[in-house]
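Worksheet: one structure, shown below.
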Amino acid sequence: MAMDVIDYQIFGSDMQYIEVELDPGEAAVGEAGMMMFMQDGIEMDTVFGDGSQQGGLFGKLLGAGKRLLTGESLFTTVFHNEGSAKRRLAFAAPYPGKIVPIHLADIGGTLICQKDSFLCAAKGVSLGIALQRRLGAGLFGGEGFIMQKLEGDGWAFVHAGGTLVERTLAPGEVLRVDTGCVVAFQPQVDFDIKFVGKIKSALFGGEGLFFATLRGPGKIWLQSLPLSRLANRLMASAPAAGAGGSSLLGAGALGGILGGDDE
């Protein structure tokens, strides 16, 4: 299916959002919960499947099945301009980082990415699955056996946490990366998971038991702040359940203020 040609502009530095401009009749596909605002004249539809509008019931079932396997909703939101003039809508990044615009036609038409990194795309981009060929990558890759596969020749936008790193690996060049820091890569890049190799490093190094190996040729996108790392730090810093006495506004102090202390 022909892709819609959309114009876009990215705003912000650390907490970014993207504005997409739609001509009359054009549409964009967004991940659930990522829409920030839209101008009057843009209609929003929830469709069964991945939003690529594959023909027939079988195509829709196939698109829905792909999304279910990647842990996403069975439905996708499509935003289409029903007005007579250009209209804009915006999608916001879910946590601090960078929005990465990727023109799929420029990288061979296919992109492999972590399942939580997809933000939005031009209508017609297919959201599929990419099964890891190696058992090690599937079991210990941090994101499971299944990653997302974006296919088409239009614009797709993914989100990278923290600072974005873009690198083009030469043929045979190998880069070892923390498993959570891999955002996306071209399908010709060989992706595998390797054991750290030394028991002491694995147990006391603080970097986990496994790391990802990416072997060129091809382009890769990395992030400095995976969502899992951010969540772990927040959980570690949160007060333990029931330990309300350590804070000035702990549960006991707050209860005394609200209830009124007669003494």
Side-chain angles (χ1 to χ4, degrees), residues 10 13-14 16 66 70 93 95-119 121 125-230 232:
I10 296 174
S13 56
D14 296 323
Q16 293 188 325
K66 291 176 179 179
T70 56
Y95 58 97
K98 303 295 182 183
I99 295 175
V100 189
I102 300 174
H103 196 243
L104 295 178
D106 295 340
I107 62 168
T110 303
L111 179 73
I112 309 299
C113 62
Q114 297 284 14
K115 64 183 182 66
D116 294 327
S117 63
F118 173 72
L119 188 64
V125 172
S126 174
L127 313 179
I129 58 175
L131 295 176
Q132 297 303 324
R133 294 169 295 177
R134 292 187 174 92
L135 183 62
L139 294 179
F140 309 111
E143 296 295 335
F145 195 71
I146 300 172
M147 301 181 75
Q148 274 194 331
K149 179 167 63 174
L150 308 181
E151 295 180 288
D153 58 11
W155 284 103
F157 305 92
V158 298
H159 179 256
T163 301
L164 171 70
V165 178
E166 296 185 25
R167 292 193 58 168
T168 300
L169 300 179
E173 181 182 359
V174 176
L175 192 66
R176 295 180 290 183
V177 185
D178 180 272
T179 55
C181 292
V182 179
V183 176
F185 51 89
Q186 289 183 278
Q188 64 265 32
V189 173
D190 185 71
F191 175 78
D192 198 7
I193 300 296
K194 298 292 186 181
F195 179 61
V196 170
K198 296 181 180 179
I199 298 298
K200 185 169 68 174
S201 298
L203 294 178
F204 306 110
E207 300 298 333
L209 297 175
F210 303 91
F211 52 77
T213 60
L214 301 167
R215 183 184 300 272
K219 192 169 185 179
I220 62 174
W221 291 262
L222 308 177
Q223 59 187 356
S224 67
L225 181 63
L227 178 58
S228 58
R229 185 178 298 176
L230 175 62
N232 289 337

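All figures in this text were calculated on a predicted structure; none of them were measured in a lab.
Between the CG atom of Asp14 and the CG atom of Leu225 there is a distance of 10.5 Å, given to the nearest 0.5 Å. How far NZ of Lys219 is from CG of Leu169: 11.5 Å, rounded to the nearest 0.5 Å. Going from atom SG of Cys113 over to atom CD1 of Ile102 covers 8.0 Å, rounded to the nearest 0.5 Å. Rounded to the nearest 0.5 angstrom, Arg176 CZ and Phe211 CZ are separated by 4.5 Å. Atom-to-atom distance recorded for Phe185:CZ and Ile112:CD1 is 6.0 Å, nearest 0.5 angstrom. Rounding to the nearest 0.5 angstrom, the gap separating the CG atom in Leu111 from the NE2 atom in His103 is 13.0 Å.
His159 and Phe118 have their aromatic ring centers separated by at least 6.0 angstrom.
Just one residue in the list Thr213, Leu214, Ile220 forms a side chain to side chain contact (heavy atoms under 4.5 Å, CB included) with Phe191, and that residue is Leu214.
Qualifying side chain to side chain contact (heavy atoms under 4.5 Å, CB included) partners for Gln188, counting only residues two or more places apart in sequence or in other chains: Gln186.
The minimum heavy-atom distance between Ala121 and Ala156, with the atom names listed, is CB-CA, 4.0 Å. Residues Asp153 and Ala105 approach most closely at O-CB, 3.6 Å, considering heavy atoms.
Annotation: side chain of Leu175 is in contact with side chain of Leu222 (closest heavy-atom distance under 4.5 Å). Between Val158 and Leu150 the shortest side-chain heavy-atom distance falls below 4.5 Å. Pro101 has its side chain within reach of Ile10: a pair of non-hydrogen atoms, C-beta onward, lies under 4.5 Å apart.
A donor-acceptor contact shorter than 3.5 Å links the side chain of Lys98 to the backbone of Ser13. No side-chain donor-acceptor contact under 3.5 Å links Gln114 to the backbone of Gln148. Counting only distance, with no hydrogens or angles, the side chain of Gln223 and the backbone of Ala160 share no donor-acceptor pair below 3.5 Å.
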Assess the residue pair Lys149 and Thr110 against the criterion (side-chain contact (heavy atoms from CB on, under 4.5 Å)); give the C-alpha distance rounded to whole Å, side-chain angles, the decisive distance to 0.1 Å, and a yes or no. CA-CA 7 Å; Lys149 179 167 63 174; Thr110 303; 3.6 Å; yes

Salt bridge (charged side-chain N to carboxylate O under 4.0 Å, His left out) between Arg215 and Glu173, intermediate numbers included: CA-CA 6 Å; Arg215 183 184 300 272; Glu173 181 182 359; over 6 Å; no

